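The residues of the chain are indexed from 1 along the displayed sequence. In this text the structure is predicted, and so the values were computed from the model without any measurement.
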Amino acid sequence: MSTFVVLLGPPGAGKGTQALRLAKSMGVPHVSSGDIFRENLKNQTELGVIAKTYIDQGQLVPDDVTIGMIRDRLSRPDCKEGAILDGFPRTPLQAEALEQILREFNCDLCAVLHIKVDEEILARRTCGRLTCRKAGHIFHMEFNPPKVAGICDIDGSELYQRPDDMRETVLERIEVYKRETEPLIEHFRESGLLREVDGDHPIEEVTATMIALLENKAD
């Protein structure tokens, strides 16, 4: 049985970190919408070229382009047994498209894990975040520091703090997330797939909670 799981969470909730840990534990790929966009733009695929025309104009990439990229990624052999989706879907329309794609592959969405964290903690976490320039690996000055200051443990590239990790910007991003994802959260709650996860715990504990929720779902 394939295992497709969606992770939801506001900026700073640890969604990316948990997606990687969960994917490794379950032996399925971590499918990040950000990684997919970067891949398509770098390789100048047909969808990547279309997306770039919107990005260059400062416009949002249309749903059909994003959905097309996701469909292509999930059709690859490494996703045969499932995937942990991070950053997609973002809207009820995208959620319905994902469910349709999985039905075409004779699969179902197993669960949606929603990581919840207090806003002040989110701001504290995000404002100390460090990002790897080469591959986007995430570290934190306080909660997950690199072994060598300013250097990524994984690939040795430079770590930097993104401009949108400033406190004022972070708080605005949290408000946008709440505004835009509430309909999506309700969509999954009504379908019975939503599972709430308290993200205000050590990384290992949150991962263990997620795995337990998924094992109970499988039972």
Option from D86, D78, I36 for which side-chain contact (heavy atoms from CB on, under 4.5 Å) with V31 holds: I36
Which atom of Q44 lies closest to which atom of V49, heavy atoms considered: O-CG2, 3.8 Å
Distance, nearest 0.5 Å, that separates CG of L98 from CZ of R71: 10.0 Å
For the student: nearest non-hydrogen atoms of G87 and S33, plus distance: O-OG, 3.2 Å
Set of residues satisfying side-chain contact (heavy atoms from CB on, under 4.5 Å) with respect to K134, sequence neighbours excluded: C132, D155, S157
Euclidean distance, I185 CD1 relative to K178 NZ, rounded to 0.5 Å: 10.5 Å
Validation row: L85, V5 side chains within 4.5 angstrom (heavy atoms): no
Electrostatic pair R189:E186 at N-O distance under 4.0 angstrom: yes
Pairwise side-chain contact, L8 with T181, heavy-atom cut-off 4.5 Å (strictly under): no
Min side-chain heavy-atom separation R195-V112 under 4.5 Å: no
Chi angles and distances behind the side chain to side chain donor-acceptor pair (under 3.5 Å) call for Q18, T207: CA-CA 6 Å; Q18 291 300 333; T207 305; 2.6 Å; yes
All salt bridge (Lys or Arg N to Asp or Glu O under 4.0 Å) counterparts of D64, not counting sequence neighbours: none
L113 vs V6 side-chain heavy atoms within contact, under 4.5 Å: no
Heavy atoms of other groups near E46 CD, more than 12 under 6.0 Å: no
Heavy-atom check, side chain of C79 versus side chain of R73, under 4.5 Å: yes
Partners passing salt bridge (Lys or Arg N to Asp or Glu O under 4.0 Å) against E172 (at least two apart in sequence or in another chain): none
Pairing residues for E120 by the side-chain hydrogen bond (donor to acceptor under 3.5 Å, both in side chains) criterion, not counting sequence neighbours: R167
By side-chain contact (heavy atoms from CB on, under 4.5 Å) - contacts of P202 (at least two apart): E204, E205
Minimum heavy-atom distance between C110 and L214, given as atom pair plus value: SG-CD2, 4.4 Å
Results of salt bridge (Lys or Arg N to Asp or Glu O under 4.0 Å) for R103 - residues two or more places apart only: none
Within residues 65-120 or reaching into it, pairs that qualify as ring-ring contact (aromatic ring centres under 6.0 Å, His included) - sequence neighbours excluded: none
Non-hydrogen side-chain atoms of P89 and H187 separated by less than 4.5 Å: no
Within residues 141-153 or reaching into it, pairs that qualify as side chain to side chain donor-acceptor pair (under 3.5 Å) - sequence neighbours excluded: R124-E142
Minimum heavy-atom distance between T91 and L184, given as atom pair plus value: O-CD1, 3.5 Å
Contact list for residues 137-157, test ring-ring contact (aromatic ring centres under 6.0 Å, His included), sequence neighbours left out: H140-F143
Shortest non-hydrogen separation from G136 to T131 and the atoms involved: CA-CG2, 3.9 Å
Note, V117 side chain near P10 side chain (heavy atom, < 4.5 Å): no
Set of side-chain contact (heavy atoms from CB on, under 4.5 Å) partners for D56, sequence neighbours left out: K52
All salt bridge (Lys or Arg N to Asp or Glu O under 4.0 Å) counterparts of R38, not counting sequence neighbours: D35
Any L74 side-chain heavy atom under 4.5 Å of F4 side chain: yes
Residue list, side-chain hydrogen bond (donor to acceptor under 3.5 Å, both in side chains) with E180, at least two apart or on another chain: none
